[in-house]
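Here's the structure, in structure tokens; my notes come after.
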Amino acid sequence: MHPDVMDRLVSLCKRRGFIFQSSEIYGGTGSVWDYGPLGVELKKNLKDRWWHAMVRARDDIEGLDAAILMHPRVWEASGHVAGFVDPLVDCRNCKKRFRADDPRIKGEPGTPDAQCPACGMKGTLNAPRQFNLMFKTFMGPVEDTASIVYLRPETAQGIYVNFTNVQQSTRQKIPFGIAQIGKAFRNEITPGNFIFRTREFEQMEMQFFVEPGTDMTWFEYWKDQRMRWHQSLGLDPALLQFHQHTTEELAHYARAAFDVQFDFGGTLGFQEIEGIHNRGDFDLTRHAEFSGKKLEYVDQPNNRRFVPYVVETSAGADRTTLAVLVNAYREETVPGESEGRTVLALDPSLAPVKAGIFPLVKKDGMPEMAMRIAADLRPHYPVFYDEAGAIGRRYRRQDEVGTPFCITVDGQSTSDNTVTIRDRDSLQQDRVNADQLRAVLQERLAR
Ligand code: ATP
């Protein structure tokens, strides 16, 4: 891994249109990012891979797209109103805020000796106060306490409150799951590290409802499945590990929890990209209590009813995208060439562009033929036509955004209808018939 991989990625992502700072022309907003033309494709491909693995390729998981704004009682039942808090210290002089456990704070906040890590003043730090990480807003035209709603800090609650709707409409039998991808919002006190920790992000969550007593077997099953999925994205197994929650880290209702961690390098090191949690019957029981509605599973053949236990898999789409980028970034020398190259060795299924299509030179019918090929392939694969500059530069530009194949129309092409196809990783070039390109790409992308 490159030692400055994060800095290099921030610059590459901006330069090549993967990720921009939000509202950049106004000086940017804190810790919110916009995905540009290539970034939106990369993140969409990642989410599609998740949706395929979790919903489409299985008959025991149903998809859902619940609203971001929910009844405010949801967040009382879930424990977020009372418990989704971080202790916070603010400075009366410079107005900056810090987490109470910020190692840069010297002394005990609230006492005259405590020193603000930002402005350096002594005695200006307030004693820690509990700060709720949920964003509040008002529903309807009246701004009063009765109309407060929250932007959801996780997608899971939309699944719990729809448990009966989904189970009854699909007639799924336990064990079964409900999955969704959607935005979540957290007013994080210390966001940062590019898209690692942001205040607006996307989650890919699945809640698997099981019979009590079978929960640990399913927990082990999902741990294994989710680790395999991350490896299937091309993440280096040496950069992936499990972290078991310690007793202090474990939520009071949780029966077991493991994080999938990825090594982001630098000062970050191994960090969570997904959590796998055995939540017992906490969520359904709480929502039943707060809503007054039974949230049970009726096992008709055995004439019994019970509250299912939940095994949750909760991944961040943005954080996993960052892991994929960190994992893929390389700077290399190229044999026989003085200039090196930057390459994103993305799994082809995730690459925003599948093939670059170039005429070797801008004459002798080569551009026309290359444009024809691009037009033929475009309905089937995202391709990029480029005729500007030396061919070597065009290859480098595609390497840098992770395009797995480059197709070149050269002097021979117009006479025998063959083109070269260059592999991003091996740099090998093969000559193939232009009419076979769709089949060749299909075969190579499936490898
Ligand atoms: P962390 O301890 O890093 O704040 P968490 O334990 O609060 O994470 P969960 O609530 O388990 O995270 O959320 C599940 C996943 O959602 C995380 O593994 C991560 O990928 C993603 N996620 C959580 N908070 C953020 C954030 N502020 N920005 C980007 N992704 C996030």
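Read the numbers this way: they start at 1 and go in the same order the structure lists the ligands and their atoms.
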Check each atom of ligand 1 against the heavy atoms of [X] and keep those under 4.0 Å away; list them by number with element.
X: Glu188; answer: 24 (N), 26 (C), 27 (N)
X: Gln203; answer: 13 (O), 14 (C), 16 (O)
X: Phe196; answer: 28 (N), 29 (C), 30 (N)

With backbone taken as N, CA, C and O and side chain as the heavy atoms from C-beta onward, which portion of [X] lies under 4.0 Å from ligand 1: side chain, backbone, both, or neither?
X: Asp318; result: neither
X: Arg186; result: side chain
X: Glu274; result: backbone

Exercise for the section: Examine ligand 1 and decide if any of its atoms is less than 4.0 Å from a heavy atom belonging to Arg197. Expected result: yes

Exercise for the section: With Lys223 as the cation and Phe258 as the aromatic partner, state whether NZ or CZ is under 6.0 Å from the six-membered ring centre and within 45° of the axis. Expected result: yes

Problem - Parallel, tilted or perpendicular, as decided by the 30° and 60° cut-offs, for the rings of Phe163 and Phe176 - result: parallel

Exercise for the section: Check the angle between the aromatic planes of Phe264 and Phe262 and answer parallel, tilted or perpendicular using the 30° and 60° thresholds. Expected result: perpendicular

What protein heavy atom is closest to [atom], reported as residue, atom name and distance in Å?
atom: atom 21 (C) of ligand 1; answer: Gly316 CA, 3.7 Å
atom: atom 18 (O) of ligand 1; answer: Glu272 OE2, 2.6 Å
atom: atom 22 (N) of ligand 1; answer: Phe201 CE1, 3.5 Å
atom: atom 28 (N) of ligand 1; answer: Thr198 N, 3.0 Å
atom: atom 14 (C) of ligand 1; answer: Ser314 OG, 3.0 Å

Exercise for the section: Please confirm whether Trp33 and Phe20 have ring centers closer than 6.0 angstrom. Expected result: no

Practice task
Check each of Ile195, Thr321, Leu42 against Phe18 using the side chain to side chain contact (heavy atoms under 4.5 Å, CB included) test, and report the only one that passes.
Solution key: Leu42

Handout entry: Atom CZ of Arg286: over 12 foreign heavy atoms under 6.0 Å
Key = yes

Handout entry: Enclosure of Arg15 CZ (heavy-atom neighbours >12, cutoff 6.0 Å)
Key = yes

Exercise for the section: Report yes or no: do Arg49 and Ser349 form a side-chain donor-acceptor pair below 3.5 Å? Expected result: yes

